[in-house]
Amino acid sequence: MKKILLSTTLIAGLAGTASAENIGVSMALFDDNFLTVLRNGIQDLADGMDGVDVQIEDAQNDVAKQLDQINNFIASGVDAIIVNPVDTSATQAMTDAAEAAGVPLVFVNREPINVDTLPEGQAFVASDERESGTLETIEICDQLAGAGKTEANVYVMMGELSNQAAVQRTADIHDVIEAGKCAVTLNIIDEQTANWNRDEAQDLMTNWLTTGEPFDAVISNNDEMAIGAIQAMKASGVSMDDVVVGGIDATQDALLAMAAGELDVTVFQDAAGQGSGALDAALKLSRGEEVEQKVYVPFQLVTPENMSEFTQSN
């Protein structure tokens, strides 16, 4: 299967049609900062187009509810469906339902387990997660080396273990270490999931702190967990000057934490670009146009030196 790169600014000049095109969208959950930006990217593009309607529904992190939404979209006669999967290991049933009904389907942001066997009329729009954790980890290594470290102890916070992004971002960390790409010797003390959640991350970091184990960095699969870790460390009197903290997504809250000198590294994932790219692909498929089955929007490293370039992004 071919892969192509989209620029982070997508051309939205799609011609309107005589009758409205209806696109059903099932989001894993609305209560997530990054996914809210992605959802808005879909809605904003649709709002700027004539004859395109989107119906966006919240699956509330429930796989069964999401499959029901997809079946309801099919029954209502939508022209195409966009899915941000709750569980990336449960996407085959969604593919099968859409294919049987002849309705185009686009997965967005979270890589479906069947991504390499998607049938005609289906596609995946996201960013290549092999870049995300790699960029984050190498930069954390470089910052530790810049602080004079030759060896460093780190904690790793993982996202939902059913989610391909969490699995790949964690694998990226190990790959950087094993490939000798880290500027220091990196020792992972522990790695546990906090399910992408700020509160869970705060609790996890608090538990780690009670062990008294010395550490130099926290590598998080996303910004929300990184912020939760920061809150726990600050509450325990840890100086943020003494630890390097990294996340992924470059959310507005993350950039505020970076401006405050608390977050050291994040990686910009173009949420709005993924959302608008998914709608673009869905509309093209509904019109019988060809679409690459894997459409990648590039990740970009964000540090205090260039953060000002991303303040209006996610």
Side-chain angles (χ1 to χ4, degrees), residues 8 28-41 84 109-110 126-127 129 131-144 154-160 163 165-166 168-170 172-173 193-206 216-235 238-275 297-314:
T8 55
L29 71 165
F30 281 7
D31 188 19
D32 178 282
N33 288 344
F34 178 83
L35 294 181
T36 296
V37 179
L38 191 153
R39 171 163 47 97
N40 290 341
N84 169 241
N109 180 250
R110 297 177 174 182
S127 298
E129 294 295 354
E131 297 176 2
S132 57
T134 300
L135 288 169
E136 176 192 22
T137 305
I138 289 175
E139 177 61 24
I140 286 174
C141 289
D142 289 347
Q143 290 195 21
L144 289 167
V154 303
Y155 284 116
V156 174
M157 286 193 172
M158 300 182 289
E160 293 175 4
N163 191 291
Q168 185 59 57
R169 291 175 186 183
T170 304
D172 293 339
I173 299 167
T193 181
N195 294 308
W196 305 121
N197 186 275
R198 186 181 302 195
D199 292 339
E200 290 189 40
Q202 186 169 359
D203 291 342
L204 175 58
M205 191 73 237
T206 299
D216 303 287
V218 176
I219 307 177
S220 170
N221 282 173
N222 79 338
D223 289 336
E224 281 294 288
M225 294 188 296
I227 291 169
I230 289 167
Q231 290 172 336
M233 286 185 278
K234 290 171 64 179
V238 175
S239 171
M240 299 315 299
D241 293 333
D242 296 335
V243 60
V244 177
V245 182
I248 294 171
D249 289 336
T251 63
Q252 290 301 304
D253 284 353
L255 295 178
L256 288 173
M258 185 170 283
E262 298 166 351
L263 183 70
D264 301 283
V265 181
T266 186
V267 180
F268 175 61
Q269 182 177 194
D270 191 351
Q274 289 183 16
V297 181
F299 282 105
Q300 299 177 66
L301 181 68
V302 182
T303 65
E305 288 70 33
N306 70 343
M307 64 169 288
S308 61
E309 300 173 20
F310 299 91
T311 54
Q312 302 302 315
S313 299
N314 278 349

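Computed from a predicted model, the values in this text were never measured in an experiment. Just so it is clear, the values below take in all heavy atoms, side chains as well, and ignore hydrogens, waters and symmetry mates.
In this structure F34 satisfies the ring-ring contact (aromatic ring centres under 6.0 Å, His included) test with no other residue, sequence neighbours excluded. For E136, there are no side chain to side chain donor-acceptor pair (under 3.5 Å) partners two or more places apart in sequence or in a different chain. In this structure, the side-chain contact (heavy atoms from CB on, under 4.5 Å) partners of A201, at least two apart in sequence or on a different chain, are M157, A194, M225. T36 pairs by the side-chain contact (heavy atoms from CB on, under 4.5 Å) definition with R39, N40, not counting sequence neighbours. Every residue meeting the salt bridge (charged side-chain N to carboxylate O under 4.0 Å, His left out) condition with E262, not counting sequence neighbours, appears here in chain and number order: K234. Listed by chain and number, the residues in a side chain to side chain donor-acceptor pair (under 3.5 Å) with N163 amount to none (sequence neighbours excluded). Judged as a side chain to side chain donor-acceptor pair (under 3.5 Å), and not counting sequence neighbours, the contacts of R169 are E129. Partners of Y155 by ring-ring contact (aromatic ring centres under 6.0 Å, His included), not counting sequence neighbours, listed by chain and number: W208, F215. Looking at residues two or more places apart in sequence or on another chain, you find no salt bridge (charged side-chain N to carboxylate O under 4.0 Å, His left out) involving D32. With sequence neighbours excluded, the residues satisfying side chain to side chain donor-acceptor pair (under 3.5 Å) with E139 are Q143. The side-chain contact (heavy atoms from CB on, under 4.5 Å) check on N33 picks up R198, E224, D253, with sequence neighbours excluded.
Around CG of D203, the count of heavy atoms belonging to other residues, nucleotides or ligands within 6.0 Å exceeds 12.
One finds the CD atom of E309 at 11.0 Å from the CE atom of M307 (value rounded to the nearest 0.5 Å). In this structure, CG in D172 is found 6.5 Å from OG1 in T137, a value given to the nearest 0.5 Å. For the atom pair F299 CZ and T266 OG1, the distance stands at 10.0 Å (nearest 0.5 Å). To the nearest 0.5 Å, atom CG of residue D264 and atom OG1 of residue T303 are 10.0 Å apart. Rounded to the nearest 0.5 Å, atoms CZ (F268) and OG (S132) are 13.5 Å apart. How far CG of D223 is from CG of L255: 7.5 Å, rounded to the nearest 0.5 Å.
L301 is listed as a side-chain neighbour of V265, based on a closest heavy-atom distance under 4.5 Å. At a threshold of 4.5 Å between non-hydrogen side-chain atoms, the residues D216 and L144 count as touching. A 4.5 Å side-chain heavy-atom check between L35 and N84 finds at least one atom pair inside the cut-off. Looking only at side-chain heavy atoms (C-beta outward), V243 and M233 come within less than 4.5 Å of each other. Contact of the I248 side chain with the S220 side chain is not registered, since no non-hydrogen atoms from C-beta on lie closer than 4.5 Å. Using a 4.5 Å heavy-atom threshold, the side chains of V218 and V244 count as separate. The side-chain heavy atoms of L38 and N109, taken from C-beta on, include a pair separated by under 4.5 Å. Side-chain atoms of I173 and V156, non-hydrogen and from C-beta on, do get closer than 4.5 Å to each other.
For D270 and Q274, the side-chain atoms include no donor-acceptor pair closer than 3.5 Å. Residues E160 and N195 bring no donor and acceptor atom of their side chains to less than 3.5 Å of each other.
For the residue pair N221 and T170, the shortest heavy atom distance occurs at OD1-OG1, 3.2 Å. A pairwise comparison of heavy atoms in A226 and G247 identifies CB-CA, 4.2 Å as the closest pair. The two atoms that bring A232 and Q202 nearest to each other are CB-O, 3.4 Å, heavy atoms only. In terms of heavy-atom proximity, W196 sits nearest to N222 at O-ND2, 3.3 Å.
Note on residues 239-249: pairs passing side-chain hydrogen bond (donor to acceptor under 3.5 Å, both in side chains), not counting sequence neighbours, are D249-Q269.
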Margin query: Assess the residue pair I140 and I219 against the criterion (side-chain contact (heavy atoms from CB on, under 4.5 Å)); give the C-alpha distance rounded to whole Å, side-chain angles, the decisive distance to 0.1 Å, and a yes or no.
Written below: CA-CA 8 Å; I140 286 174; I219 307 177; 3.7 Å; yes
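Put simply, the side chain of T193 gets close to the backbone of M158: a donor and an acceptor are under 3.5 Å apart.
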